[in-house]
There are 2 protein chains.
Amino acid sequence: MRDFSRDHRWMSINTITLDRQGDLPTILEACVRHQVRAVCPWRHQVQQVGVDRAAKLLRDAGLALSGYCRGGMMVADPAHRQSARDDNRRAVEEAVTLGAPCLVLVAGGLPQFSRPGSAPSKDFAAAREMVAEEIAHLLEFAQAAGMPLAIEPLHPMMAADRSCINTLRQALDLCDRLDPAGDRGLGVAVDVYHTWWDPELAVQIARAGTARLMALHVCDWLVPTTHLLTDRGMMGDGIVDIPLIRGWMETAGYDGPAEIEIFSERWWREPMDKVLSTCIERHKRAV
Amino acid sequence: MRDFSRDHRWMSINTITLDRQGDLPTILEACVRHQVRAVCPWRHQVQQVGVDRAAKLLRDAGLALSGYCRGGMMVADPAHRQSARDDNRRAVEEAVTLGAPCLVLVAGGLPQFSRPGSAPSKDFAAAREMVAEEIAHLLEFAQAAGMPLAIEPLHPMMAADRSCINTLRQALDLCDRLDPAGDRGLGVAVDVYHTWWDPELAVQIARAGTARLMALHVCDWLVPTTHLLTDRGMMGDGIVDIPLIRGWMETAGYDGPAEIEIFSERWWREPMDKVLSTCIERHKRAV
């Protein structure tokens, strides 16, 4: 297992972590100031400055990408299905322009939450089948564009409104169905926040293997957790044994960055430099 | 599938649903007033009036039990392990005195939350193994006492602090390990709130079969959910297709009550009679 204690060369910053403190150019400047080598930008931040300018900013800053967040929200009623498809194709194109190694996919939950305005449903089996169909469609397009897709299973508490793909097993079953030979660029993003509870996590990470393991996201689960979306913890402040999970990833062949992605009202209130220096310190001792 | 639309003969009230509105005698009186036929009392409510008086109140009211809530919290450090065992044996004895058909078990999460004062840990594999060992111990005692044990998997958002048993698959794996022939009185309680998200739910309910399916708990999952513990919804107000899950249970042989268990700041503020009449109405059309 790689030694993270001496420097932060393997650290990436998911830019949502600093979403309230500044725009993308400001975030990238701060990352350079802290010798951060890689980032994963979010779509709304990129679109705010324009994708071409964002790509130039990233190049000029010498920052690598660990992914692009995010495509998905693929569950929709018939009236919203085509616009969802178009939206996801644009996300692939943006990821290509930015030079991202993969586009992260958050599948979407029930249609009324995934694509607001869609007719309401309680049918998770249908939602999951639609996700499979839509990823199959998008994969054709993404493969032609040379952009790998990383399905990110989300915590089951987000199954209704964000993603009906909730375990690594499910995500890998989708990969095996749509890319059985593993040569089409379909894989998974493993976020410790979404997966720590899963009794099958070690087994499924081993099953995934090098080619499917496209990203590792880290933060921590706090007890108590006071909000289902925006109370994620800084690594080391919660109950997740992050080095254990990183060890499973590395044993399975993953040698990419550990990407810090923290949705947190608490950390969004802190100055950018304090968040980044804390991330670096915790990356060294708690990841 | 049984027709619930005409009356509420199959409805049971888990008494936590009325926990803030009155003590156990008051709750039982209200249940009788609303022609409720079964309840599942909570331990703190029973202990407040004394288990013998509670048993007499239940008998005098002609109320059946659908279970007794709850034993468990079995994860502890060595200093707290024996007191946890003693506590669970008392729960079995109380369930016998009350005439409950099963004692519901909530396994416990990490030791520092399961049995406060225990040394902190992040080791879920160890916690899960301890749960298996402790259920094995308790099962000896419970079997001798003639009291079935129902393992209730809790939603993964409660894995750290309440239960490290988070899927029906896990609970059934424990049953198969500790009671392979299915003749020792070990089974599961299926709560739609904890299990609706699980892509394996239908398959695992079918696997469980009649003997293992000891209880069905119902409420609803709200979007958004504003609190991890106390924002459960009244049936019909959320996104769970409860009749679908009840259908799976009945196809697998379950013919017991549908027990309404709602932890909700919102419903705890309502008068007892209003909650009960709402439960009855929703039981008829949304369960």
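Just so we're on the same page: letters track the sequence lines, and every chain starts at 1.
If you measure heavy-atom distances from I239(A) to chain B, the contacts under 4.5 Å come from both the backbone and the side chain.
Every side chain to side chain contact (heavy atoms under 4.5 Å, CB included) that A252(B) has, sequence neighbours left out, goes to I205(B), L213(B).
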May I have a list of the donor-acceptor pairs under 3.5 Å that connect chain B with chain A?
from	atom 1	to	atom 2	distance (Å)
R128(B)	NH2	W197(A)	O	2.6
W197(B)	O	R128(A)	NH2	2.7

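Rounding to the nearest 0.5 angstrom, the gap separating the CG atom in L228(A) from the CG atom in L228(B) is 5.0 Å.
The greatest number of non-hydrogen atom pairs below 4.5 Å with chain A, out of P224(B), P120(B), P199(B), is found for P199(B).
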